[in-house]
There are 2 protein chains.
Amino acid sequence: MTKRLSDKVEDYLKSIYHLSKGEGRVSTGQIAEDMDVSPASVTDMVQRLAAENPPLLDYRKHQGVALTGDGKKAALEIIRHHRLLELFLHEVLGFSWDQVHEEAERLEHVISEEFEERVAAVLGNPQRGLHGEPIPSRTLEMPDPDCCHLQELRTNQRGRIQEVNDDDPGFLRYLAAQGLIPGVEFEVIGYSMYDDNLRIQIGDGKEELVLGASVTSQIQVKVLE
Amino acid sequence: MTKRLSDKVEDYLKSIYHLSKGEGRVSTGQIAEDMDVSPASVTDMVQRLAAENPPLLDYRKHQGVALTGDGKKAALEIIRHHRLLELFLHEVLGFSWDQVHEEAERLEHVISEEFEERVAAVLGNPQRGLHGEPIPSRTLEMPDPDCCHLQELRTNQRGRIQEVNDDDPGFLRYLAAQGLIPGVEFEVIGYSMYDDNLRIQIGDGKEELVLGASVTSQIQVKVLE
DNA sequence: ACAAAGATTTAGATAAGTCTAAAATATAAT
DNA sequence: ATTATATTTTAGACTTATCTAAATCTTTGT
Ligand SMILES: [Mn+2]
Ligand SMILES: [Mn+2]
Ligand SMILES: [Mn+2]
Ligand SMILES: [Mn+2]
């Protein structure tokens, strides 16, 4: 009989989960930035969530917050909804991969466990989302990331695109146009230390791309070999 | 650029639409009863909706409210969402006909026009919902009801079930168990004027049912011949 | 070690939606 | 036509979520 959380609370928990990757502390300022609200609003909200029964956050003045077990569970529930919904919107309703995020952002808060189960079943209990994100299991276990940011790779390293940032439709269309989609393999063939540009070659074709840090920081890859 | 209405506002407009059947005035008391909130809350809300720009309601003190053109359009938009969603939940996700209403009640407020269009397309642009209700068109025209309550029929009249009240799961399971579903034809073979019980025979089998007023008032039928 | 800068928290306001209790109005009954 | 009853509206309060401006910590640079 865990009391139903509001949409806003769910979005706060999700934001904190993403910023902390499930562990560690996050500052109120980071949350304010990510959620596009004032720092004062965040302080107020996190104090309320820390005072909940059971508490959803561990809050200490001037030292940010960490998710409690309950807070993390609530966040993972919504993240599971979000990622299943994105896949469903694409596979069943034909939404394009840059349109699904916004729609899922609203739907994630209102679907029942029944809906979640049925969608998962229709999709064959997938473990990865439309943009390559791992989907928490029914029991809310989140698989390890087993990948790092493309940004961190250097010349001669090979990798496979694992996951891309999905909250900017324009960026997603750009990625698709360049062939930078989850599953694609590549080799780093150059690095410029002054601007952090990375030159990569996709597949075994001669297709080359030069990507800036603001692109490579939004792509997660698995290093090969 | 019509400002986005809140879920609550949409539910008020929908309630007023149903109570007034799109025309005429409705008292604040009726709305309070239907929405399960206090009369004071209703008065407050209808005054706000009447003060909107453009106004969604016509309100006169102590004389109830009527939907304006804009209010009616907003109500029909949500009713279209609701009925398309119920059908979708049943046809695509396998929800039973007594489960869909509750889920649709929440989803109706958050789906985009894009979602609405795609669902309608997947379903083949249906004109009737899962419980027989007419579905407003894309342009928000509501087809005429062309039917009346089963309650009003008398001995020897034949009819076809057109539409049933869908907000009580138990009632829907009861109807399904009795074979009282939209499309089924029957003949009234008896009427008891003291308790308003109706005796009906379904199809041409010898299956007979006796139905009280609280059942017959929740079923809409088309009179045959 | 201390002042300046930066981040966070408090204080005070506002808007939406709800409630209960009291006041006002309308309807029905004598 | 008055009085009694029922309905509706107002008044005052509360909750959630947000803001701006002011106060208070923390961190950093010298
Ligand atoms: Mn997303
Ligand atoms: Mn969201
Ligand atoms: Mn319904
Ligand atoms: Mn609703």
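Proteins get letters first, then strands, A, B, ... in listed order; numbering begins at 1 in each. Hydrogens, waters and symmetry mates play no part in the numbers below; they use all other heavy atoms, side chains included.
- Residues meeting the side-chain contact (heavy atoms from CB on, under 4.5 Å) test with His101(B), sequence neighbours left out: His82(B), Glu86(B), Glu105(B), Asp166(B), Asp167(B).
- At least one side-chain heavy atom of Met142(B) sits under 4.5 Å from a side-chain heavy atom of Tyr17(B).
- A salt bridge links Asp58(B) with Arg25(B); the closest basic N to acidic carboxylate O contact falls under 4.0 Å.
- For Arg48(A), the side-chain contact (heavy atoms from CB on, under 4.5 Å) partners two or more places apart in sequence, or in a different chain, are Asp44(A), Met45(A).
- Using modelled atom types, no side-chain atom of Ser20(A) and backbone atom of Val26(A) make a donor-acceptor pair closer than 3.5 Å.
- Sequence neighbours left out, not one pair with a member in residues 126-138 of chain A passes salt bridge (Lys or Arg N to Asp or Glu O under 4.0 Å).
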Task: Derivation of the side chain to side chain contact (heavy atoms under 4.5 Å, CB included) call for Ile111(A) and Val119(A) - done: CA-CA 10 Å; Ile111(A) 67 172; Val119(A) 163; over 6 Å; no
Open item on the list: Pair Lys14(A), Glu10(A) - check salt bridge (Lys or Arg N to Asp or Glu O under 4.0 Å), show working.
Closed with: CA-CA 6 Å; Lys14(A) 198 157 57 104; Glu10(A) 290 178 343; over 6 Å; no
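- Minimum heavy-atom separation, Leu180(A) to Trp97(A): O-CH2, 4.2 Å.
- By the side-chain contact (heavy atoms from CB on, under 4.5 Å) test, Asp195(A) is found to be paired with Ser192(A), Asn197(A), residues two or more places apart in sequence or in another chain being considered.
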What side-chain donor-acceptor pairs closer than 3.5 Å can you find for residues 69-80 of chain A, not counting sequence neighbours?
| residue | atom | partner | partner atom | Å |
| --- | --- | --- | --- | --- |
| Glu77(A) | OE2 | His81(A) | NE2 | 2.9 |
| Arg80(A) | NE | Glu116(A) | OE2 | 2.6 |
| Arg80(A) | NH1 | Pro136(A) | O | 2.9 |

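- You'll find the side chain of Val37(B) reaches within 4.5 Å of the side chain of Val42(B), heavy atoms only.
- Contacts between residues 55-64 of chain B and DNA chain C, counted as heavy-atom distances below 4.0 Å, involve His62(B).
- Closest approach of Glu103(B) to Ser112(A), counting heavy atoms only: OE1-OG, 2.5 Å.
- In this view, Asn53(A) satisfies the side chain to side chain donor-acceptor pair (under 3.5 Å) rule with no residue, not counting sequence neighbours.
- Once you apply a 4.0 Å limit to the heavy atoms of chain B, the touched nucleotides of DNA chain C run 5' to 3' over dA16(C) to dA26(C).
- Reading DNA chain D from its 5' end, the first and the last nucleotide to sit under 4.0 Å from a heavy atom of chain B are dT8(D) to dT10(D).
- With sequence neighbours excluded, the residues forming a side-chain contact (heavy atoms from CB on, under 4.5 Å) with Glu152(A) are Cys148(A), His149(A), listed by chain and number.
- Of the residues in residues 8-21 of chain B, those placing a heavy atom less than 4.0 Å from an atom of DNA chain C are Lys8(B), Val9(B), Tyr12(B), in numerical order.
- Contacts between residues 23-44 of chain B and DNA chain C, counted as heavy-atom distances below 4.0 Å, involve Val37(B), Ser38(B), Ala40(B), Ser41(B), Asp44(B).
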